[in-house]
Amino acid sequence: MTGTDPSVPGPTRGVELSDEQATADAADLHESLGQLAALVTGSWPLTELLSQVATFAVRAIPGADGAGVTLLAMTQPDNVVQALAASHPFVAEIDEIQYVTLHEGPCITAAIERRTVRSGSLGGEKMWPRFGPRVGRLGIHSALSLPLLLPDQVVGAINVYAHAKDAFDEHAAALGELFAAPAAVAVHNAQILAQAQALTAQLQMALTNRPVIDQAIGIVRGRSGGSSDEAFAKLRAISQADHVKLVDVARHIVDEAVRRARSRHTQS
Amino acid sequence: MRISLALAADLALLTQALEGSSADLASTLALLASQAVVGIPSYVGLSVQFELDNARVVITTMETAVDIAEIGTSLRFPLTGIRDHDAEPASFVLVLYAREAGALVDLAADLAWLTGRPLEEIVLDEDRAGLGVGGKSTPLRSTSTVNQALGVLIGSGLTAVEARAELQRRATADGVDELQTAEKVLRSLP
């Protein structure tokens with residue numbers, strides 16, 4: 001029945017939904033939010049998480065044929081795309097047009113203006129005079145973009161598309177906003193985790209490589225003098241000239257020196 | 001992001017050991033800090049902690065100068081790394097700090113379901129006193145000096161095990177620690 005679920009807004013004024021449709025929409029939204037909350041029993045790479053969020057968004061928003069999630073670095077020039085995922089291939093194609101080819105489109109508008117953006121006829125859309133017609137020729141005529149908002153910053157957007165014209169009404173937009181709010185927090189926290197894991201991986205690699213590099217520096221310094229910076233520069237020059245990883249150059253130098261030491265011991 | 005000059009030097013030392021020209025530990029750390037600023041209300045800083053040669057290394061970055069008494073909440077989260085196929089997994093811990101109590105609760109819950117870790121492994125509010133203002137230097141440079149000295153000894157004809165034993169023998173004979181002995185070895189080079 002209309003409006004019986006207090007967590008879902010009733011139909012927006014002027015939009016008439018049958019009780020059955022309102023109930024179905026509410027159920028879809030709840031299931032998508034539940035799936036969002038229940039994501040993963042293991043470690044999810046960020047893009048896989050975004051792909052799942054896009055899939056859930058299609059389920060949550062009535063009329064949607066596909067959706068994409070984009071994380072943007074809003075403090076960078078041209079709002080650099082940090083990560084993105086799509087529920088269907090055609091959405092990935094539209095993302096390419098928006099972010100790479102034209103730098104124009106509903107996601108960019110939604111993120112910059114921090115508001116929900118809707119179009120029911122992309123072919124003739126004045127907001128995006130190049131993007132609209134181009135995507136219209138792909139058979140996509142409706143778009144709904146929802147900014148992913150945190151208290152102090154926009155971190156990206158959810159973009160929802162449909163083949164039909166006027167597919168997204170105010171009710172769909174309201175449901176989308178209900179979905180986007182927790183999604184923004186979830187994807188940003190996933191981004192924090194991904195970055196922490198990237199830092200850990202770099203530290204791990206550096207801590208593994210540094211000891212043998214330092215020992216090789218010591219060997220080079222012992223043979224030819226010079227500072228540690230000069231010795232490191234020699235190792236890097238060998239690495240670049242021979243197209244061998246610097247740590248492998250270092251390991252070879254250390255292994256060779258150890259082999260000579262063992263050989264002397266054997267002979268004496 | 002604020003870090004000490006000593007820590008910046010240590011991160012540069014480690015970055016040298018990374019393959020790939022785009023990898024830079026200070027930048028990676030700065031991006032993590034900037035994401036925390038956006039996502040965590042009243043965020044003030046973070047630290048990454050791990051063990052190195054039986055010493056605890058703490059890499060700390062702050063957004064602003066803050067008194068420890070102002071820290072209202074903390075979140076400790078394990079980040080396990082793998083050294084190589086045979087070694088034990090290296091253990092890294094991330095600690096986040098914020099002024100307002102409760103600011104890290106949602107992040108704790110999300111980290112738990114993103115990684116599948118039990119919520120008990122993500123510890124809230126037990127590290128509030130652990131944030132060092134302005135960061136600390138780390139044992140990284142000391143370890144680097146010792147390894148260079150070992151390299152000098154290996155280059156002089158000792159095996160790796162003999163080099164380590166020789167360094168320790170000299171340290172005992174001189175009544176100093178291994179780092180001072182290593183510095184002496186390097187100073188003796190032409």
Side-chain angles (χ1 to χ4, degrees), chain A residues 37-44 49 75 150-153 155 185-186 188-193 195-223 225-226 228 231-232 236 245-247 253-254 257-258 260-262 264-265, chain B residues 13-19 23-25 28-29 31-32 34-41 48 50 52 59 77 79-84 87 90 92 94 106-107 110-111 113-116 140 143-160 162-163 185-186 189-190:
Chain A
L39 267 181
V40 178
T41 53
S43 178
W44 280 69
L49 174 72
T75 54
L150 294 180
D152 293 325
Q153 194 161 316
V155 295
V185 175
H188 190 71
N189 286 342
Q191 208 172 12
I192 290 174
L193 173 63
Q195 190 63 22
Q197 290 172 330
L199 176 65
T200 302
Q202 287 184 1
L203 279 169
Q204 185 75 79
M205 179 184 285
L207 291 168
T208 299
N209 291 348
R210 189 73 221 188
V212 69
I213 292 172
D214 281 323
Q215 288 176 12
I217 287 173
I219 293 171
V220 171
R221 293 181 72 182
R223 285 176 190 160
S228 59
F232 180 80
R236 190 161 50 194
K245 286 184 182 179
L246 188 141
V247 66
I253 290 172
V254 173
V258 169
R260 278 196 218 110
R262 287 199 181 122
R264 277 192 215 107
H265 280 260
Chain B
L13 192 72
L14 285 178
T15 295
Q16 281 184 337
L18 290 176
E19 299 290 347
D24 178 88
L25 276 162
T28 304
L29 182 62
L31 182 55
L32 175 59
S34 69
Q35 288 171 343
V37 167
V38 169
I40 301 170
V48 178
F50 54 93
L52 178 66
I59 295 174
F77 177 72
L79 292 160
T80 304
I82 305 291
R83 284 193 187 276
D84 57 44
F92 293 83
L94 173 68
D106 286 346
L107 178 60
D110 281 348
L111 290 175
W113 63 248
L114 281 167
T115 60
L140 293 167
T143 301
S144 174
T145 299
V146 168
N147 277 314
Q148 285 188 41
L150 289 174
V152 171
L153 295 174
I154 291 169
S156 72
L158 302 181
T159 65
E162 289 169 345
V185 167
L186 295 177
L189 295 173

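Protein chains get the first letters and strands the later ones, always in sequence-line order, with residue 1 at the start of each.
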Discussion item. I'd like to know whether B:Phe77 forms a side chain to side chain contact (heavy atoms under 4.5 Å, CB included) with A:Leu193, so could you lay out the CA-CA distance, the side-chain angles of the two residues, the decisive distance to 0.1 Å, and finally the verdict.
Written reply: CA-CA 10 Å; B:Phe77 177 72; A:Leu193 173 63; 3.7 Å; yes

Measuring heavy-atom distances to chain B, does [X] have an atom under 4.5 Å in its side chain, in its backbone, in both, or in neither?
X: A:Ile253; result: neither
X: A:Val185; result: both
X: A:Arg260; result: neither
X: A:Ile192; result: both
X: A:Leu246; result: both
X: A:Ala190; result: both

Discussion item. Can you tell me which residue among B:Leu94, B:Ile59, B:Leu29 is in a side-chain contact (heavy atoms from CB on, under 4.5 Å) with A:Leu199?
Written reply: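 Going through the options one by one, the only one that passes is B:Leu29.
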
Measuring from atom [atom1] of [X] to atom [atom2] of [Y], what distance do you get when rounded to the nearest 0.5 angstrom?
X: B:Thr28; Y: A:Gln195; atom1: OG1; atom2: CD; answer: 6.0 Å
X: A:Asn189; Y: B:Ile40; atom1: CG; atom2: CD1; answer: 7.5 Å
X: A:Ile217; Y: B:Ser144; atom1: CD1; atom2: OG; answer: 6.5 Å
X: A:Met205; Y: B:Leu25; atom1: CE; atom2: CG; answer: 10.5 Å
X: A:Arg210; Y: B:Asn147; atom1: CZ; atom2: CG; answer: 9.0 Å
X: B:Leu18; Y: A:Gln202; atom1: CG; atom2: CD; answer: 5.5 Å

Fill in: Validation row: A:Gln204, B:Phe92 side chains within 4.5 angstrom (heavy atoms)
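Counting from C-beta outward, A:Gln204 and B:Phe92 do come under 4.5 Å.
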
Discussion item. Less than 4.5 Å apart, side chain to side chain, heavy atoms only: is that true for B:Leu140 and A:Leu207?
Written reply: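 Result yes, sub-4.5 Å side-chain heavy-atom pair found.
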
Worksheet item: Do A:His188 side-chain atoms and B:Gln35 backbone N/O form a donor-acceptor pair below 3.5 Å?
Response: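 Judged by distance alone, yes, a pair lies under 3.5 Å.
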
Practice prompt. Could you check which of B:Ala163, B:Gly157, B:Gly155 has the highest count of heavy-atom pairs closer than 4.5 Å to chain A?
Written response: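 The candidate making the most pairs under 4.5 Å is B:Gly157.
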
Worksheet item: With chain A, which of B:Ile154, B:Leu150, B:Val48 has the greatest number of heavy-atom pairs at distances under 4.5 Å?
Response: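 Between B:Ile154, B:Leu150, B:Val48, the count favours B:Ile154.
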
Which portion of [X] sits near chain A, non-hydrogen atoms under 4.5 angstrom:
X: B:Leu111; value: side chain
X: B:Leu189; value: side chain
X: B:Leu186; value: both

Practice prompt. Begin with the C-alpha distance, continue with both residues' side-chain angles, and end with the deciding distance and a verdict on side chain to side chain contact (heavy atoms under 4.5 Å, CB included) for B:Gln148 and A:Arg221.
Written response: CA-CA 9 Å; B:Gln148 285 188 41; A:Arg221 293 181 72 182; 2.8 Å; yes

Discussion item. Could you check whether A:Arg236 and B:Gln16, counting side-chain N and O atoms only, form a donor-acceptor pair closer than 3.5 Å?
Written reply: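 The criterion, which ignores hydrogens and geometry beyond distance, is not satisfied for A:Arg236 and B:Gln16.
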
Worksheet item: Where do B:Gly39 and A:Leu150 come nearest, in terms of heavy atoms and distance?
Response: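 It is CA-CD1, 4.0 Å.
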
Item to complete: Flag the one option from A:Gly226, A:Ala231, A:Pro211, A:Ala201 with the top tally of heavy-atom pairs under 4.5 Å to chain B.
Response: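 Top option by heavy-atom pairs under 4.5 Å: A:Pro211.
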
Worksheet entry | Among A:Ala206, A:Ala198, A:Gly222, A:Ser228, residue most engaged with chain B (heavy-atom pairs, under 4.5 Å) |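 If we count pairs closer than 4.5 Å to chain B, A:Ala206 comes out on top.
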
